[in-house]
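Here is the structure we will look at, set down as structure tokens.
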2 protein chains.
Amino acid sequence: MGWEGVRDEVLRRIRGRVWPPGEVIPGEEALAVEFGVARATVNRALRDLAEAGLLERRRKAGTRVALLPVRKATLDISIIRQEVEARGEVYGHRVLERRMEAVPLAVALRLGVARGARMCFLETLHLAGGRPFAHEVRWLNIAVLPGGVVPEFDRLSANEWLVQNVAYATGDIEFSAELATSAEAAALGIRAGEPVFVTERATWTAEAPITFVRLLHGPGYRLRTMV
Amino acid sequence: MGWEGVRDEVLRRIRGRVWPPGEVIPGEEALAVEFGVARATVNRALRDLAEAGLLERRRKAGTRVALLPVRKATLDISIIRQEVEARGEVYGHRVLERRMEAVPLAVALRLGVARGARMCFLETLHLAGGRPFAHEVRWLNIAVLPGGVVPEFDRLSANEWLVQNVAYATGDIEFSAELATSAEAAALGIRAGEPVFVTERATWTAEAPITFVRLLHGPGYRLRTMV
DNA sequence: GGCGTTATTATGTATATACATAATGACCTG
DNA sequence: CAGGTCATTATGTATATACATAATAACGCC
């Protein structure tokens with residue numbers, strides 16, 4: 001039995017309430033003997049379940065089944081083109097606006113730059129099968145662009161361009177529900193006052209902020225994940 | 001240097017484009033020699049980065065920096081009470097409805113039960129500091145309840161009760177933006193036509209479907225995650 | 001009994017070694 | 001040269017062993 005086998009058997013016992021929530025399960029050594037594997041193999045299996053939030057492990061105290069399991073769902077944050085193509089539709093995008101602009105206060109706070117700092121403002125419409133799929137508003141720190149030159153983004157979307165040309169970065173993401181403004185509705189081809197699914201994402205490296213994006217998906221859009 | 005040290009150094013090289021996207025990085029053996037650690041230690045570090053979506057690993061082909069990194073953001077799916085208490089507010093909940101009902105077609109499809117199957121219908125309001133926080137509509141398979149008896153859910157919310165009394169389960173989650181109906185708006189204390197953040201979650205075990213929940217958060221609610 | 005110190009213990013990590021597995025690329029054959 | 005076969009190779013996993021670490025439990029002192 002490999003580590004996945006051990007994991008599945010432990011999972012079965014948790015689900016089957018052989019080991020109910022809150023209960024301390026046998027130690028790695030004991031399980032290794034029971035399953036006839038090395039302790040390292042048991043460790044790998046239990047570590048995996050702990051990372052998934054089903055077990056809580058503490059040195060000396062042992063391993064117990066999580067009382068209130070904070071399940072961890074993993075979202076795949078993909079590039080919009082991938083998302084559209086995964087639906088079997090043809091991807092396209094149009095740059096609506098592209099200029100230098102002082103960032104709004106909210107964006108400045110989110111990215112940690114001085115208020116009034118000048119960044120590249122981009123407004124883009126992403127298309128799926130020729131129809132509006134998502135409306136994007138983005139502020140981009142030109143300091144991180146190689147050579148300080150802002151590309152046209154007419155062939156490659158800013159998202160994709162950044163992924164391929166700027167260092168891998170960390171960031172945070174916020175999802176919310178809002179009402180489309182009339183301008184946003186017009187861009188997305190929906191009526192004003194219809195609900196939009198908003199994704200806001202701030203990205204930065206250790207050295208500098210990179211970009212803040214606000215992405216709007218029209219009614220019917222669903223973000224899916226498995227637990 | 002431990003495995004986290006190796007991971008951080010590799011991450012630094014990826015971010016610093018020492019190893020640009022698409023490039024094959026040195027093999028585990030070579031890195032182990034360079035860093036002065038065992039191959040298992042390098043393996044642990046690279047595996048971690050691969051799980052995060054930054055590296056792509058294939059036997060024989062080697063390890064390369066992801067060209068289009070599908071970043072994996074982990075959402076912590078917690079119990080609503082925890083979420084409210086994490087905001088420093090007092091949690092409460094009220095059961096609005098509780099009856100047996102034939103499931104709507106959409107729910108039947110989502111849970112994989114026969115259309116028209118009878119399940120327990122629950123309508124609940126979650127409160128934060130006495131004010132409406134989320135509106136919950138739930139269908140619950142009574143077959144999975146120990147003894148087939150439906151609890152009152154007046155002390156413990158259905159969510160929490162299920163976590164503690166029914167086997168750990170798998171499921172899927174969908175997030176979307178919708179407009180509140182007048183009934184929903186009334187329950188949440190908002191105006192009809194305001195946008196709501198919708199979380200729909202289906203849960204089941206290998207044996208049977210457990211529950212389908214539709215959770216509505218009013219305007220201002222934000223789902224946050226880090227990448 | 002209260003409180004700080006120490007011993008114990010389960011998990012965490014590191015290592016060398018060995019073999020398994022999958023995918024590539026070279027080779028061989030028709 | 002096409003196409004299938006096989007050797008090669010990097011990662012994947014398993015193992016025994018050793019030591020590190022954190023947290024508890026036991027101890028002993030005042």
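Only a predicted model underlies this, so the values are computations on that prediction, with no experimental measurement involved. Chain letters run A, B, ... following the sequence lines, proteins first, then strands; residues in each count from 1.
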message: Tell me the interatomic distance from A:E29, atom CD, to D:dA16, atom P, rounded to whole angstroms.
response: 10 Å

- prompt: Counting side-chain heavy atoms from CB outward, which of D:dG12, C:dT24, C:dT15 is closest to B:N43?
  reply: D:dG12

- request: Taking only the side-chain heavy atoms of A:A38 (C-beta and beyond), determine which of D:dT13, D:dT24, D:dA16 contains the nearest atom.
  value: D:dA16

- prompt: Taking everything shown except A:R13 itself, do over 12 heavy atoms lie less than 6.0 Å from its CZ?
  reply: yes

query: For A:M1 and D:dG12, what is the distance between atoms CE and P respectively, to the nearest whole Å?
result: 22 Å

field: B:W3 side-chain proximity, nearest of C:dA14, C:dT24, D:dG12
entry: C:dA14

message: Any heavy-atom pair between the side chains of B:L188 and B:L216 that's under 4.5 Å?
response: yes

task: Could you check if a side-chain atom of B:F175 sits within less than 4.5 angstrom of a side-chain atom of B:L75, using non-hydrogen atoms only?
output: yes

query: For the side chain of A:A61, counting heavy atoms from C-beta on, which of C:dA14, D:dT24, D:dT15 is nearest?
result: D:dT24

- request: Considering just the side-chain nitrogens and oxygens of B:R58, establish if one lies under 4.0 Å of OP1 or OP2 belonging to C:dT24.
  value: yes

field: Sub-4.5 Å side-chain heavy-atom contact between A:L49 and A:R47
entry: no

- request: Round to a whole Å and report the spacing from CG of A:D48 to C1' of D:dT13.
  value: 14 Å

- prompt: Between C:dA14 atom P and B:R44 atom CZ, what is the distance in whole Å?
  reply: 8 Å

statement: A:R64 atom CZ is separated from C:dT11 atom P, nearest whole Å, by 12 Å

field: Whether B:F197 and B:Y221 hold their rings parallel, tilted or perpendicular, with breakpoints at 30° and 60°
entry: tilted

message: With a cut-off of less than 4.0 Å, is there a side-chain N or O of A:T63 near OP1 or OP2 of C:dA10?
response: no

task: Write down the distance between CD (A:E28) and C1' (D:dA22), rounded to a whole number of angstrom.
output: 14 Å

- request: Please determine if a side-chain N or O atom of B:T41 lies less than 4.0 Å away from the OP1 or OP2 oxygen of C:dT13.
  value: no

Atom pairs, protein N/O to nucleotides 19-22 of chain C N/O, distance under 3.5 Å:
from	atom 1	to	atom 2	distance (Å)
C:dT21	O4'	B:R59	NH1	2.8
C:dT21	O2	B:R59	NH1	2.9

field: Proximity of B:F133 and B:Y91 rings by center, below 6.0 Å
entry: no

field: B:R57 CZ - C:dT24 C1' separation (whole Å)
entry: 17 Å

message: Quick check for you: to the nearest 0.5 Å, what is the distance between A:R81 atom CZ and A:L127 atom CG?
response: 14.0 Å

- request: Could you check how far CZ of B:R47 sits from P of D:dG12, rounded to whole Å?
  value: 8 Å

